[in-house]
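We use all heavy atoms of the structure for the numbers below, so side chains are in, but hydrogens, waters and symmetry mates are not. In what follows, chains carry the letters A, B, and so on, assigned in the order in which the sequence lines appear, proteins first and then strands, with residues in each chain numbered from 1.
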Amino acid sequence: MTRLSQLLLPTEREPPADAEAISHKLMVRAGLVRQIGTGLWSWLPAGWRVHQKVVQIIREEIDAAGGQEMLMPVLQPADPWRKTGRYDIDELLKLKDRKGADLVLAMTHEECVTSHVAQVVRSYRDLPFSLYHFQVKERDEPRPRAGVLRTREFIMKDAYTFDRDEAGLQAHYDAYAAAYDRIFERTGLEWYSVESDVGMMGGSGAHEYMAPCPAGENEVALAPGYAANVEVASADPQPVALAPPLPGVGGVGGPESVHTPGATTVDAVSRLLEVPAGGLLKSLPIVIDDERGFTVVVVRGDHRLNEIKLTNNLGAAWRPANPDEIVAKLGPPGFIGPVGASVPVLLDDAVDAEAGYVAGANQADHHLRGVRPGRDFDFERIDARRVEAGDTVAGHPITIQAAIEVGNIFQLGTRYSEPLGATYLDEEGVQRPIVMGSYGIGPARIVAAAVEQFADEKGISWPRALAPWDVEIVALGKPGSDELAAAEGLYRDLRAIGLSVLLDDRPAGPGAKFADAELLGIPLRLTIGRRSLESGRAEAQIRRGLQDVEGGIPLEGAAEAVAELWRTLP
RNA sequence: CGGGGAGUGGCGCAGUCUGGUAGCGCACCCGGCUGGGGGCCGGGCGGUCGCAGGUUCAAAUCCUGUCUCCCCGACCA
C-alpha cells in the first residue's frame, strides 16, 4: 500500500492541544500514532513501518551477535515472580483468571526465560547461549508522558545471555555492547553509551544507550572521554572563592559562634554572613538501614545530595531522619551541623578538609564560622553529591544534557538463576548457578528520538535508515492527467530497482501535498508537474535542510539517478 | 501520591463568571471554478455540551458526586 490516496495517513494541521514533546506533536500530526488511553498508543500504518525498520536493524545485528530469536508470552503465572521477589513491584500489573489463579502481565521476561532455561540446561556443555525476542511489555507507570516516550505498554527487544561464569558473561556483555554500537550507528541517531545505575535489578555492571534530545527524561554528564548518567556520575568539584578569609581557618582556637536568627536555609545563611553557598556545610540527617543507624551526611552548601549515589556508596538502604530524631540527636532543624555531634559523620568528597566553613551550631538561631573538618569533627569520606555542570573530569569541564534512554545492557549475574534454580553441573560435577546478562532496546523510543533530533519547523526529517518510505513522489495535476501518468511511471521504475516509494496521487492541491510531505519527513521528495513534463526533469528536494537538488533529475533514466542520490542522504 | 489544568460535531476553540433557540475556523459531502505552497464561490451533513444525580418554569452554564485526559513533581526493572 504505497498510494497515498489509499493509505490511512490521517495528518493534522494542529498538534494535540495538550502535547508538549516535539515527537508527541509531530508523530500525531503526521498520522503515525494515535492514543487510545493514558500511555496506550496504536501505531498507524506509516508509523508501524518506521517501527518495523528499527526492529529489523536490531534483529539483523542481534542475530549476527549470536542471539537466537524466540517468543515468550506477556501473560504469565505469578509464581516465578514471587520466587524472584518481584511480585510486589507496584509497576507490575496483576490479574486473576476465572479459576482465581494469580497471573501477571510481564514488564520484562527474566522470570520466564530463566524458568525455561532452568528446565533445559543440565551441563556446562549446554552453555553459553543467548536468546531474545521482541515482545510487548506492560507496566503500570505512575505517570506516562510525552507520547510514545514513556508508555504503559510498549514493545521491547529483550535479550538474555547464559554463561558458566563471570568471564563468559563478560564476553557476552562485550559482544552485545558491540552489537548495540552497530545498531545505534545504523539508525542514524545521535547517541552515546553511559555508565548507569544497576538499580533494583541488582547485578554488577550496566550501561545505558542514550539519545540526546530536549524531551529526554535522563540527564547525562558529558566530558571528553567521559559519559555517565548523572545518577552515578562523579567529578571534581569547582573551587569556591572563600573570601574574605574565615576566622579559625588554619589558626588557633575553634570555630566562632555567630547569631543567625531565622536563617534556616543555605541561601539565608549565605546572604546574612556574606559567605558564598559553597562556603557552607549542608548537613543531611539520615537513618541507615543497618548498624550505622542515625548518621549525618555533610555536603557543600552549593551541592545537592545524589540519593542513588548515596545508596550505592553506603551499600545499604536509608531514609531521611524525621524531625523528632533530628531534635533528639542533634538540634533544631535548620541549625544542625557536624560539630559536637555524637553521631557518625559522612563527609562528601567535595568538601576540603583544610578549609574553613560555616555550619549549623546545633543550637537555635546560631551557626559556627571557621569550621574545619578533621579538627572540629571526625568523619568518614563518601561520594554522595550530584555533579554540577562545570565540574571537571580529568581537567575537562562537564556539561549536563537531557537524553532518552533507548537501550541498556546489564550484567545480571545470578540474580534470577538462583531463585529460579537455573543451575548446571560443571566439569567436576559441582552444581553452579548460571551467570546471566540482560539487554534491552525500545524501538519506539528510537523512533521518537529520531523525530526529536531531526525535526524542523516543517515537520519530521527521518534518517534514511528509519524512514517509512525511501522516496515520496508528489504528483501534481488532476486524476487522469499526463503528470499523474508520468508519476506512475517513475513510481514503477523506482520500485523495480528496490526503492520503497510513497506516491501522493490524491486529488489535492500542491500546497497540501507539499506540506504533508514535509510533515511526514521522507528523505527524498520528487515532484512531477507540468514543469517536469516540459523540461523532462523531476524536481527533487532533500528533506534534511529542505535542500533542492540543482537542476532536478532527468526523467530519462531517473531510477538509477534517484537511487544514487538516495544513497548519499543522511 | 502531591500540585496545576482541561473535557462543547473528526481537529482546534468560543460560549460557563451573569441560567433563556448550541456557535466559529478547519476538515468532511455535493456542484462549479482553480491547478507549482494548505486557493475561490455556492449549497449541505454532523454535537444526549464526559457521565450520574440535584436545584430551577428553564442547565453547556449553578450545586454534589464520579470518570477520563494533559502538564509539573515524586516515582521509574
Who does G2(B) pair with, Watson-Crick or G-U, both distances under 3.5 Å?
C72(B)
Partner nucleotide, any strand, of G35(B) [Watson-Crick/G-U, under 3.5 Å]:
none
With a sphere of 6.0 Å drawn around CG of Leu71(A), does it hold more than 12 non-hydrogen atoms of other residues, nucleotides or ligands?
yes
Please tell me if Thr527(A) has a side-chain N or O lying less than 4.0 Å from either OP1 or OP2 of G36(B).
no
Nucleotide of A74(B), C76(B), G36(B) approaching Pro142(A) most closely (side-chain heavy atoms):
A74(B)
Can Ser130(A) and Tyr176(A) be said to form a side-chain hydrogen bond (donor to acceptor under 3.5 Å, both in side chains), step by step?
CA-CA 10 Å; Ser130(A) 81; Tyr176(A) 266 90; 3.1 Å; yes
Regarding Arg143(A) and Glu217(A), does a basic nitrogen lie under 4.0 Å from an acidic carboxylate oxygen?
no
Selection from G35(B), G36(B), A77(B) that lies nearest to any side-chain heavy atom of Arg531(A)
G36(B)
Report which part of the nucleic acid Asp90(A) touches: base, sugar-phosphate, or nothing (heavy-atom distance under 4.0 Å, all strands).
nothing
Does C70(B) have OP1 or OP2 under 4.0 Å away from a side-chain N or O of Thr38(A)?
yes
If pairing means Watson-Crick or G-U wobble with both distances under 3.5 Å, then the partner of U61(B) is none
Does G42(B) have a Watson-Crick or wobble mate here (both distances under 3.5 Å), and if so which one?
C30(B)
Mind checking whether Val501(A) and Thr2(A) have side chains closer than 4.5 Å, heavy atoms only?
no
G31(B) and U18(B), which share atom name C1', separated by this distance in whole Å
45 Å
Proximity to the side chain of Gln35(A) - top-ranked nucleotide from G36(B), C76(B), C70(B)
C70(B)
Spacing of Leu149(A) atom CG relative to C75(B) atom P, expressed in whole Å
20 Å
Heavy atoms from C-beta onward define the side chain here; which of C72(B), C26(B), G36(B) lies closest to that of Arg143(A)?
C72(B)
Thr108(A), nearest nucleotide to its side chain (from G38(B), G36(B), A77(B)):
A77(B)
Side-chain donor/acceptor of Glu518(A) to base of G38(B), under 3.5 Å:
no
Mate of U55(B) across any strand shown (Watson-Crick or G-U wobble, both atom pairs under 3.5 Å) is none
Compare the minimum distances between each of A77(B), C69(B), G37(B) and the side chain of Phe514(A), then state the nucleotide with the smallest one.
G37(B)
Among C71(B), C26(B), A77(B), find the nucleotide with the atom closest to the side chain of Arg86(A).
A77(B)
Rounded distance (Å) that lies between atom P of G36(B) and atom CG of Leu533(A)
13 Å
Of the nucleotides A77(B), G35(B), C71(B), which has the atom closest to the Ile89(A) side chain?
A77(B)
Span that lies between the P atom of G4(B) and that of G42(B), in whole angstrom:
49 Å
Could you check which of G36(B), C76(B), C11(B) has an atom nearest any side-chain atom of Arg150(A)?
C76(B)
Does any donor-acceptor pair link the side chain of Arg525(A) with the base of G37(B) at a separation under 3.5 Å?
yes
Answer yes or no: is there a side-chain heavy-atom contact under 4.5 Å between Lys137(A) and Asp158(A)?
yes
Only distances under 3.5 Å count here; give the side-chain donor-acceptor pairs of residues 532-540 of chain A to other protein atoms, sequence neighbours excluded, each with its distance to 0.1 Å.
residue: Ser532(A); atom: OG; partner: Thr527(A); partner atom: O; Å: 3.3
residue: Ser532(A); atom: OG; partner: Gly529(A); partner atom: N; Å: 2.8
residue: Ser532(A); atom: OG; partner: Gly529(A); partner atom: O; Å: 3.3
residue: Ser532(A); atom: OG; partner: Glu539(A); partner atom: OE1; Å: 3.0
residue: Ser535(A); atom: OG; partner: Arg531(A); partner atom: O; Å: 3.0
residue: Ser535(A); atom: OG; partner: Arg537(A); partner atom: N; Å: 3.3
residue: Arg537(A); atom: NH1; partner: Gly551(A); partner atom: O; Å: 2.7

What nucleotide, of G37(B), C11(B), C76(B), holds the atom closest to the side chain of Glu14(A)?
C11(B)
Say we look at A52(B) and C41(B): how far apart would their P atoms be, to the nearest angstrom?
41 Å
Determine which nucleotide pairs with C24(B), using a 3.5 Å limit on both distances of a Watson-Crick or G-U wobble pair.
G12(B)
